[in-house]
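These numbers come from a predicted model, not from an experiment. FYI, side chains are in, hydrogens and waters are out, and symmetry mates aren't considered; it's all heavy atoms of this structure. Just so we're on the same page: letters track the sequence lines, and every chain starts at 1.
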Amino acid sequence: MMIALTTLSVFGAALVAPLFFRNKNKLASWLIALLPLGITIYFASLLPRAAAENPETFSFNWAREFGANFSFRADSLSLLFAMLISGVGTLVVIYAGGYLGKNPNIGRFYAWLFIFMGAMLGVALSDNLLLLFIFWELTSLSSYVLIGFEHEKESARAAALQALLVTGGGGLAMLAGIILLGQISGTLEISALLSNTSTSLSAGGTAVQSHPLFIPALILILLGAFTKSAQFPFHFWLPNAMAAPTPVSAYLHSATMVKAGVYLLARLHPILGGNDIWLYTVSGVGLITMLVGSYLSFSQTDLKRLLAYSTLGALGTMTMLIGLGTPLALKAAVVLLFAHALYKGALFLVAGAIDHETGTRDVTQLGGLFRALPITGTAAGISALSMAGLPPLFGFIAKEVVYETGLEFNPWLMAAIIFMGLSTVFVAGVVGMGPFFGKLTESPKKPHEAPLSMWLGPILLTALSLLAGFFPSGISNLIVSPAVSSVAGEAVKVKLALWHGVNTAFLLSIATVIAGILLFSIRNSLRGVLQKIEWKWGPAYFYTLSLDGMNALARAQTRFLQSGTLRNYILIIILCVTLGGGYSLFRIGGFDILPQHISDVKFYEAAIAALILGAAIAAVTSSSRLGAIAALGAAGIGVALIFLQFGAPDLAITQFAIEALTVILFVLAFYHLPKFTQLSSPRARIRDAVIALFTGALMTMLVLAAVGVHISDSISTFFVENSLPLAHGRNIVNVILVDFRGMDTMGEITVLGIAGIGVYALLKFRRKKGRE
Amino acid sequence: MKIDSLILRTMVRYLFPLLLLFSVFIFLRGHNEPGGGFIAGLVASAAYALYSIASNSIEARQVLGVDTRLLIGIGLLIALCSGLPAIFAGESFLTGLWGYLSIPGVFKIEIGTPVLFDIGVFLAVMGVTLTIIFALEEVE
């Protein structure tokens with residue numbers, strides 16, 4: 001119960017946040033940060049239970065027919081992730097108070113930040129795949145708004161749309177995959193999938209994986225995870241998302257949201273993993289992303305883009321490790337996830353502070369700031385050391401485990417990992433050291449120390465990197481071990497230690513740091529060489545190409561179908577009905593069952609039919625508008641007579657009323673209509689006549705066929721029998737309208753209302769446009 | 001648009017209240033005899049439409065007293081609300097609930113939420129029809 005309420009409370013905070021920040025109170029961000037802080041403490045209190053394999057759960061039936069339930073489950077993996085979300089969230093909430101201080105839209109910013117936080121917690125804690133999907137898309141949506149927060153900038157809007165289209169599109173693929181998985185296994189509850197012997201690898205079952213639909217399901221779900229975690233070839237949205245305010249970049253695009261894909265892979269590894277497709281796709285895509293991100297980070301000069309590309313490298317590494325799937329690799333993935341969130345979160349916040357205090361994020365314009373920003377500089381320096389993988393920081397431990405994993409496989413993989421390590425050391429130097437040491441460079445604003453709200457986050461995260469480095473065993477027993485176990489699907493005992501002795505991994509790690517420092521020292525000339533190489537045919541190019549293509553297609557079909565001429569609309573509608581309806585009728589053999597006894601037709605029925613026919617012909621051939629309208633009216637009255645004839649007085653009355661109103665409408669419209677002449681060519685008229693005749697013939701067939709077929713007992717008996725006892729009325733038609741089929745009527749009058757307002761708008765605003 | 005016809009004006013003076021009364025009659029008998037909210041709404045609209053042709057739409061709007069667009073909303077809202085009591089009674093939305101309205105010895109009639117629903121239909125139909133008719137009339 002509490003887990004569900006915790007998630008809900010964050011959405012509640014989103015509702016009150018705008019009120020909170022209405023009068024620009026400086027304490028508001030500190031006060032509202034108490035909520036995520038409390039949530040983090042609550043999650044921490046759940047850790048022992050989760051480690052003892054007795055996680056807190058909550059389930060509430062929602063839509064049982066679809067297998068959707070509000071079910072939450074807080075096992076170690078979920079809690080590790082959830083604590084990152086609420087913990088980093090607390091610091092970001094405080095930080096944003098200082099960063100956006102005087103922004104007039106700060107209330108809206110916090111509303112969306114809390115919506116994101118709630119959705120992200122939902123992703124981490126959901127035990128139902130459909131529920132997870134809903135929260136998942138909600139994170140895409142809030143990310144869209146947050147990236148585009150500075151919506152006056154075109155670049156921010158484009159970046160926001162790009163992120164939404166890529167991650168949202170992937171999310172839809174994932175939904176399809178989830179549904180397929182549900183069809184195969186019969187359940188969408190993650191815990192049920194994990195414990196079921198036929199669906200979970202760890203329980204020894206392979207029934208799901210041998211199902212013919214398994215591969216499509218796997219690929220679709222992977223698409224969702226890859227787009228969200230910015231894996232190649234979908235990586236391009238992440239650097240562009242740096243258009244967001246820095247607190248958002250730190251929170252969404254480094255610490256939490258982009259790790260959702262990694263989380264999903266880890267979560268579903270025991271169900272989907274352990275086969276060749278998983279191994280090669282996931283580790284292959286991760287490997288490429290790792291290399292691409294690492295390579296591209298060398299040439300960047302913007303602090304946030306540097307961090308973004310190195311985040312790509314880290315995300316790729318985690319994905320690759322989960323793809324490899326050995327206990328050691330999974331351990332490395334979980335440790336790296338944790339360490340990365342700490343140091344990268346701190347460095348992102350530092351980058352924002354530098355930007356805020358100096359007015360630039362360009363590393364070539366930054367240097368010697370340590371004297372002016374000593375606290376920020378300390379946090380940056382130590383976090384950079386953790387990122388570079390130096391002892392005694394937690395980043396060192398993470399790097400050692402990743403290197404050990406590489407050595408466990410083959411030299412080529414090891415070489416790729418070392419390349420990633422090189423770029424990590426390089427970026428750590430450029431972001432964490434470069435701006436603070438060396439010669440003081442002139443910056444747009446005179447630098448001074450950031451306020452408390454803006455250095456608290458970096459300092460605390462850095463302190464955690466240190467603390468975790470010194471006490472790795474505590475962390476490994478409490479979180480890492482049980483989390484790795486739930487990724488692996490079996491109990492894995494993980495031991496973390498700061499010092500392993502001198503081994504191959506350690507020596508390689510030292511070599512990487514030295515080489516990285518060398519690269520750092522020649523960074524300007526290195527950048528100069530790399531920036532000359534241009535990539536035109538990257539995935540971003542194809543994104544633009546397909547977006548333009550879709551827009552062109554939309555424009556073309558709109559121009560064709562929505563020509564703006566009423567005649568064409570009617571033509572298209574009638575053609576669709578005739579062709580579609582005719583085809584269906586033909587397929588079920590509707591043309592064969594025409595009733596044969598024409599002789600039953602009474603003479604007055606024939607007379608009414610003749611009246612309608614004559615009126616219709618007169619309407620079409622009339623040489624005056626008045627004549628045509630009168631003929632149409634006559635046809636309508638003929639129809640009303642038929643209604644009367646067959647005992648439907650209500651319909652007849654309605655028909656008469658409509659005819660009367662039509663006359664009134666016509667009188668009103670009469671003056672505004674153009675001169676009554678032949679506007680269409682003879683060819684068009686012949687075409688229209690043919691279509692009209694076919695449509696008429698089809699409708700006749702349809703009616704005759706409908707009369708001839710008795711699929712089941714008519715429902716009218718039910719209405720006749722129950723109208724009075726159940727609905728207290730003798731007029732069956734009206735009883736059906738207002739009671740038995742009340743919901744239909746409700747919909748009909750709503751449509752009627754919308755149509756009425758539409759006509760009103762067309763008539764009222766026509767003139768204004770003409771004058772402009 | 002202006003139709004200046006003495007015959008029409010004189011006729012409408014008598015027809016207008018009669019048509020309105022007739023629409024109420026059609027509405028009330030609707031549950032047991034041919035009629036109901038939809039037809040009654042059309043008849044009432046015809047009454048106002050005739051009135052506006054005989055004089056003009058501004059006067060017709062004054063006689064109506066309510067903005068026609070508002071009428072659409074009110075109608076939809078009433079129809080929606082008529083479904084709510086059923087929810088509180090534990091039935092599904094729009095289930096008809098019936099009771100008796102009576103003064104002992106004088107009269108006794110059945111009344112229920114579908115009547116309310118029908119009033120909603122009546123007002124919505126009237127709102128839509130008159131919105132269109134008045135707007136057409138006011139096109140310059």
Side-chain angles (χ1 to χ4, degrees), chain A residues 644 647-661 663-672 723-724 726-767, chain B residues 1 3 26 29-43 45-46 49-50 52-53 57 68-69 71-73 75-76 79-80 82-83 92-96 98 110-118 120-121 123-125 127-140:
Chain A
L644 266 183
D650 285 85
L651 287 181
I653 297 175
T654 312
Q655 182 76 30
F656 279 124
I658 293 286
E659 291 303 333
L661 280 171
V663 171
I664 293 177
L665 281 175
F666 173 71
V667 168
L668 294 173
F670 195 80
Y671 286 110
H672 305 291
S723 176
L724 196 57
L726 281 184
H728 306 256
R730 284 195 304 276
N731 177 3
I732 301 163
V733 176
N734 196 53
V735 163
I736 292 173
L737 277 177
V738 300
D739 200 329
F740 290 135
R741 292 274 169 80
M743 201 68 191
D744 292 357
T745 310
M746 185 84 219
E748 281 155 17
I749 55 176
T750 310
V751 171
L752 202 63
I754 295 168
I757 290 165
V759 171
Y760 179 81
L762 279 176
L763 289 172
K764 282 285 168 184
F765 299 110
R766 194 182 59 126
R767 281 278 155 178
Chain B
M1 197 197 76
I3 298 174
I26 287 185
R29 80 199 284 261
H31 217 59
N32 292 324
E33 311 291 335
F38 193 90
I39 304 171
L42 289 178
V43 172
S45 308
L50 269 182
S52 76
I53 290 176
S57 70
T68 53
R69 289 167 299 170
L71 216 52
I72 304 177
L76 289 178
L80 188 75
S82 77
S92 62
F93 179 64
L94 277 177
T95 307
W98 288 89
E110 277 186 295
I111 193 149
T113 53
V115 178
L116 205 59
F117 184 84
D118 220 10
V121 174
L123 293 179
V125 168
V128 171
T129 320
L130 289 180
T131 300
I132 297 174
I133 288 177
F134 287 163
L136 255 179
E137 201 172 342
E138 283 155 13
V139 171
E140 289 140 32

ask   = Which atoms form the tightest heavy-atom contact between A:Y760 and B:A135, and what is the distance?
value = CD1-CB, 3.8 Å

message = A side-chain contact here means heavy atoms from C-beta on lying under 4.5 Å apart; do B:I133 and A:L665 qualify?
response = yes

inquiry  = I need the minimum non-hydrogen distance between B:A79 and A:I749, along with the two atoms involved.
reply    = CB-CD1, 3.9 Å

message = Going by side chain to side chain contact (heavy atoms under 4.5 Å, CB included), B:V128 matches just one of A:I754, A:V751, A:L752, A:V759. Which one?
response = A:L752

message = What part of B:A124 gets within 4.5 angstrom of chain A, counting heavy atoms only: side chain, backbone, both, or neither?
response = side chain

key: Interatomic distance, A:L763 atom CG to B:F134 atom CZ [nearest 0.5 angstrom]   = 13.5 Å

Which portion of B:T113 sits near chain A, non-hydrogen atoms under 4.5 angstrom = neither

request  = Pick whichever of A:L651, A:T750, A:I664, A:L661 has the most heavy-atom pairs under 4.5 Å with chain B.
outcome  = A:L661

message = Does any backbone or side-chain atom of B:L80 lie under 4.5 Å from a heavy atom of chain A? Answer side chain, backbone, both or neither.
response = both

task = Please step through side chain to side chain contact (heavy atoms under 4.5 Å, CB included) for the pair A:I757 and B:T131, ending with a clear verdict.
result = CA-CA 7 Å; A:I757 290 165; B:T131 300; 5.7 Å; no

request  = Please step through side chain to side chain contact (heavy atoms under 4.5 Å, CB included) for the pair B:F117 and A:T745, ending with a clear verdict.
outcome  = CA-CA 10 Å; B:F117 184 84; A:T745 310; 3.8 Å; yes

inquiry  = With a 4.5 angstrom heavy-atom cut-off, is it the side chain or the backbone of B:I39 that approaches chain A, or both, or neither?
reply    = side chain

